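Below is one structure; the comments refer to it alone.
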Amino acid sequence: MVKITLNGEQISLDADPQMPLLYAIRDIAQLTGTKFGCGMGLCGACTVHLDGQAIRSCVTPLSAAADKKITTIEGLGNTAGDKGVHPVQEAWIDHKVPQCGYCQSGQMMSAAALLATNSSPSDDEIEAAMQGNICRCGTYPRIRSAIKQAAGKAEEA
């Protein structure tokens, strides 16, 4: 049994400690918002927060999350207080960021981690932080605009 705190709830997972965290989240905990993309930690679709840091869950063993806090896209709104919607999620809606939507949970998790450490990122800082998140639909300008809105910097889409 591996004990973790998943979106604020302490749980024990009966799984191989070497199982990728992604599969523990999706298959055992049944939270399917975190996506499988490349399986090599390169595309960002599987991004979650491990003790507040954005990580690629497809290449992170469950054992690395033992006794730690994991936040998935389903729990991101819980970090926003009573409102229940994280500023990044609100901005994504306002800027109509998703097209196919597949990469968006990972994109939002990376953006939220960036804003947790840098409340007013420049375009270069946004690009650097989001570089490992691939969007096949090419919504990068809207992603940047949404991040700026979530940071409190108004920008027209």
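From a predicted model like this one, the values you see are computed outputs, not experimental measurements.
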Problem set entry | Considering all heavy atoms, the nearest C100-C137 contact | N-SG, 3.6 Å
Exercise. So, H86 side chain and V88 main chain: donor-acceptor pair closer than 3.5 Å or not?
Worked result: yes
Exercise. Residues in side-chain contact (heavy atoms from CB on, under 4.5 Å) with A24, at least two apart?
Worked result: L13, M19, L62
Seminar exercise, completed: Sorted by chain and residue number, the side-chain contact (heavy atoms from CB on, under 4.5 Å) partners of S63 (sequence neighbours excluded) come out as P17, Q18, P61
Problem set entry | Backbone of V85 reached by a side-chain donor or acceptor of E90 within 3.5 Å | no
For this session: Would you mind listing the cluster partners of L42? Hydrophobic ones only (ILVMFWY), side-chain contacts under 4.5 Å, chaining allowed.
Result: M40
Exercise. Distance-only, no hydrogens or angles: does the N7 side chain make a donor-acceptor pair with backbone N or O of T72 under 3.5 Å?
Worked result: yes
Exercise. With sequence neighbours left out, what residues match T71 under side-chain hydrogen bond (donor to acceptor under 3.5 Å, both in side chains)?
Worked result: none
Exercise. Do any pairs count as a side chain to side chain donor-acceptor pair (under 3.5 Å) and have a residue in residues 45-59, sequence neighbours left out, and if so which ones?
Worked result: T47-R56
For this session: Mind listing the closest non-hydrogen atom pair of A113 and A54 along with its distance?
Result: CB-CB, 3.7 Å
Problem set entry | Where at least one partner belongs to residues 97-108, residue pairs that pass side chain to side chain donor-acceptor pair (under 3.5 Å), sequence neighbours excluded | W92-Q104
Exercise. Remaining members of I93's ILVMFWY cluster at a side-chain heavy-atom cut-off under 4.5 Å?
Worked result: none
For this session: Could you list the residues that satisfy side-chain contact (heavy atoms from CB on, under 4.5 Å) with T5, not counting sequence neighbours?
Result: Q10, K69
Exercise. Does the side chain to side chain contact (heavy atoms under 4.5 Å, CB included) test come out yes or no for I126 and K148, once each step is laid out?
Worked result: CA-CA 9 Å; I126 291 170; K148 286 183 174 189; 4.0 Å; yes
Exercise. Considering residues at least two apart in sequence or located in another chain, which fulfil the side-chain contact (heavy atoms from CB on, under 4.5 Å) criterion with A129?
Worked result: L114
Exercise. Is the side chain of N133 donor-acceptor paired with the backbone N or O of G106 at a distance under 3.5 Å, no angle test?
Worked result: yes
Exercise. Where the side chain of R144 meets the backbone of E127, is there a donor-acceptor pair that is under 3.5 Å apart?
Worked result: no
